[in-house]
Amino acid sequence: MYDLTSPQTIRDLMSRYRLFFKKGFGQNFLIDSQVPDEITRLSGIDGTFGVLEIGPGIGTLTRALAKKAKKVVAVEIDQSLKEILSETIGDLSNVTVIFDDILKQDIPKLIDKEFPGMPVACVANLPYYITTSIVTKLLEARARFQSLTFMVQEEVAKRFCATPGERDCGAITLFIHYYAQPEVVLKVPKDSFLPAPKVDSAVIHLTLRSHPPVSPRDEAMFFRLIRASFNQRRKTFVNGAANSDLIPAGKEQLASILEELGIDPNIRGEKLTLEQFSDISDRL
Ligand code: SAM
């Protein structure tokens, strides 16, 4: 088998099949020969695992995953990669490719169908234009993933893995910490991809929690409160949340809830912890 991380091989394949890199699908293919094996190792999978891969591209990471996993199911939106993939990974008996938009897949159903009785992980070099939608969808699905291991833009990795209450934190940080324990596990420079994106990347590993660290009585209210606080992050929590259509409470009510909970009434939303958001949402 030829080296799928060689830029010349990729260019030859693409020209033989009359294809070009589709920017709109976030097609930046890996050209560092170490990285696919390294991502596979960092994902923690072994020969018992079923692995869902998002966006196999020309199959570079897919081959590395298939060497280690029991079974790999790869979901690829770009139908025009069908022929290339049958050439590059057609010899692998433990790989299935589904041509569809991952955002349209019923994830728990796919897992039950494809990976019965297996521990399951999701591993991908994500298309950057929909990173947040994919991560949100996979976590909200509450599917039985043990972990998610994703290549994302470095700035996004920092935001996803920041500690709640600290700099770099956003609403998505708290959302992720609610479902998983995130960690940045590898930095990958931009020249590891063809074509090279504008910014460096990083691999993050999210270990799914069996139970969230807090138990708000109304999860929807809890997440609305978080979104409302970060939508207006320059304001105090009380002013930001009171101004938001997402929250059915005025300044006075919010201020008195903070007082009851012993929280500084001038605190900014970005400084609040998951526990504090949960307590406030319960009082609302
Ligand atoms: N895995 C390959 C690699 O590492 O070289 C390719 C990664 S490339 C960054 C992202 C891949 O995701 C592309 O193959 C792209 O066509 C695919 N993709 C983009 N949007 C998608 C979607 N909504 N559902 C499934 N695949 C998608």
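Just so you know, ligand 1 is whichever comes first in the structure, and atom 1 is the first atom listed for that ligand. Positions are given from 1 along the sequence.
Under a 4.0 Å heavy-atom criterion, E53 is in contact with ligand 1. In this structure, D100 is part of the shell of residues with a heavy atom less than 4.0 angstrom from ligand 1. Judged by the shortest distance from any of its heavy atoms, L103 lies outside the 4.0 Å radius around the atoms of ligand 1.
For ligand 1 and P56, the ligand atoms under 4.0 Å from any heavy atom of the residue are 1 (N), 2 (C). In summary, the atoms of ligand 1 found under 4.0 Å from a heavy atom of L126, numbered by their order in the structure, are 9 (C). For ligand 1 and G26, the ligand atoms under 4.0 Å from any heavy atom of the residue are 8 (S), 9 (C), 10 (C). Of all the atoms in ligand 1, the ones that sit under 4.0 Å from a non-hydrogen atom of V75 are 25 (C), 26 (N). If you number the atoms of ligand 1 from 1 as listed, the ones under 4.0 Å from a heavy atom of D101 come out as 22 (C), 23 (N), 24 (N).
With sequence neighbours excluded, no residue forms a salt bridge (charged side-chain N to carboxylate O under 4.0 Å, His left out) with R11.
Remark: the Y128 side chain and the S201 side chain contain an N/O donor-acceptor pair separated by less than 3.5 Å.
Counting non-hydrogen atoms of neighbouring residues, nucleotides and ligands closer than 6.0 angstrom, the CD atom of E259 reaches no more than 12 such neighbours. Surrounding NZ of K22 are more than 12 heavy atoms belonging to other residues, nucleotides or ligands, all under 6.0 Å away. By the 6.0 Å contact criterion, CG on D101 is enclosed, its count of non-hydrogen atoms from other residues, nucleotides or ligands being greater than 12.
Residue contacts with ligand 1 for A124 are absent, since no atom lies close enough (heavy atoms, distance under 4.0 Å). The side chain of Y129, and not its backbone, has at least one atom closer than 4.0 Å to an atom of ligand 1 (non-hydrogen atoms only; side chain from C-beta on).
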